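Written below as structure tokens is the structure these notes are about.
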Number of protein chains: 2
Amino acid sequence: MRSLLAQTAMQLFAEKGFDETTVDEVAAAAGVSRRTLFNYFRTKEDLALSGLSEQGEVIAARLGARPADEDVWVSLRHAFVVLDEIEVSPENRLEIVSMLFDNDSLRAGHAEKQARWTDLLAPLIEPRLPASESRGFQARAIVGAAITCLQAATEEWLRLRGSTPLFDLYDTAVAAIRTSN
Amino acid sequence: MRSLLAQTAMQLFAEKGFDETTVDEVAAAAGVSRRTLFNYFRTKEDLALSGLSEQGEVIAARLGARPADEDVWVSLRHAFVVLDEIEVSPENRLEIVSMLFDNDSLRAGHAEKQARWTDLLAPLIEPRLPASESRGFQARAIVGAAITCLQAATEEWLRLRGSTPLFDLYDTAVAAIRTSN
DNA sequence: GCACAGTTGTGCACCAAGTGCAAGTTGCTT
DNA sequence: AAGCAACTTGCACTTGGTGCACAACTGTGC
């Protein structure tokens, strides 16, 4: 049910745009009442962003499976790469991503959801850092920076209309922030 | 007028919380009609976040005044420090920041507004990077990472209830992401 | 076959955010 | 005085979102 709703919603959003689609239309298209829709999704935004939370969990699972002595940046990159694999509709990918970045509140929600990945990922890399009172904080900073690189890469990937592989851009971003110039 | 509205809004938000305050109340408290309020602020969120855009411009101005051959991370830090100076009500600071982080959409909007600082700051540091086809992108990644460090530091500062200076935490965050472990 | 409880869907009334429009107000210019 | 522009306001309306009570279906034990 949840996935049916999310699917029909993405369909309509892709066709008409996010703002131009009402939740009533989504509910009608899915054949349920408006109230039922709100039983499954707290907000309209969630209809478009629900996938992100699940992606976060997949990434966390992947991260947890990396060897404990691996460099944390390497581990994070490996974990992120699942995003390239679980892509359901590669041809619509550009369309969907550009939708997420067109709308202000949607872009904000998207960034926020990804930022919440920090809560999942940071605890997994904290034990790999050298002991320190602020190790937990450092872990959050590192994960946050990695996610920022991913976001910057996605933005650039969108600007280039997908002509450059996402993770090439990601590598460029990470190199840019971690290399002294 | 704009500042009067923003001021009364922040007052009420601090007293009653963001969600528990209606825009009608803000308008009434400021002595104007609800409609007038929406002539000055596009959304309720803007009432709470309008200051951030201005802060971004102040930071950009400060950044532009740094010597062109200075390390970009050093320049960015110097520019950010204005945040410690333009603080209007230092005693309410904790209160205000925790309000921004309590509400989901507000936290998202806050992060998004700060992310938009990238648009202002990246062009200023791009010319300082070594020539490259992707220099603009690299500049955005660096600025984005620096802002992420600032946000992580703010979050930690909030968690510690302000007991550690914000920019000590910022330095810790930057060191964490830029130092190979 | 029947009463039982638990989940799930639905209708309805309601509140708050936000917009478009048309009319009123203020104040300044000529 | 008349006219013009900018600002303010009321009003009706759409949309997102919530609380609540009631129906429909499900499986369980008797």
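Residue numbers start from 1 in every chain, and the chains themselves are labelled A, B, ... in the order their sequence lines are given, proteins ahead of strands. These numbers come from a predicted model, not from an experiment.
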Should the heavy atoms of other residues, nucleotides or ligands under 6.0 Å from [atom1] of [X] be counted, would the total exceed 12?
X: B/Glu133; atom1: CD; result: no
X: A/Arg42; atom1: CZ; result: no
X: B/Arg135; atom1: CZ; result: yes

Legend entry - Path from A/Ile177 to A/Val74 over hydrophobic side-chain contacts below 4.5 Å: no
In whole angstroms, how far is the [atom2] atom of [N] from the [atom1] atom of [X]?
X: B/Met1; N: D/dA6; atom1: CE; atom2: P; result: 19 Å
X: A/Asn39; N: D/dT18; atom1: CG; atom2: C1'; result: 11 Å
X: A/Leu4; N: C/dT8; atom1: CG; atom2: P; result: 16 Å

Legend entry - B/Met1 side chain near B/Val32 side chain, heavy-atom distance below 4.5 Å: yes
Inset, instruction - Could you give me the CA-CA distance, side-chain angles and deciding distance for B/Glu25 and B/Lys16, then say whether salt bridge (Lys or Arg N to Asp or Glu O under 4.0 Å) is met? - result: CA-CA 11 Å; B/Glu25 287 172 321; B/Lys16 310 179 36 180; 2.8 Å; yes
Legend entry - Contact state string [nucleotides 13-25 of chain C, B base, S sugar-phosphate only, - no protein heavy atom under 4.0 Å]: ----BBBBB----
Inset, instruction - Report yes if a side-chain nitrogen or oxygen of B/Tyr40 is closer than 4.0 Å to either non-bridging phosphate oxygen (OP1 or OP2) of D/dT8; otherwise report no. - result: yes
Inset, instruction - Kindly say if B/Thr36 contacts the phosphate of D/dT8, meaning a side-chain N or O under 4.0 Å from OP1 or OP2. - result: no
Inset, instruction - Taking only heavy atoms on the protein side, list every residue of residues 101-112 of chain A lying under 4.0 Å from any atom of DNA chain C, sorted numerically. - result: none
Legend entry - NZ or CZ of B/Arg77 within 45° of B/Tyr170 ring axis and under 6.0 Å: no
Legend entry - Row check, A/Phe38 ring normal vs A/Lys44 NZ/CZ: under 6.0 Å, within 45°: no
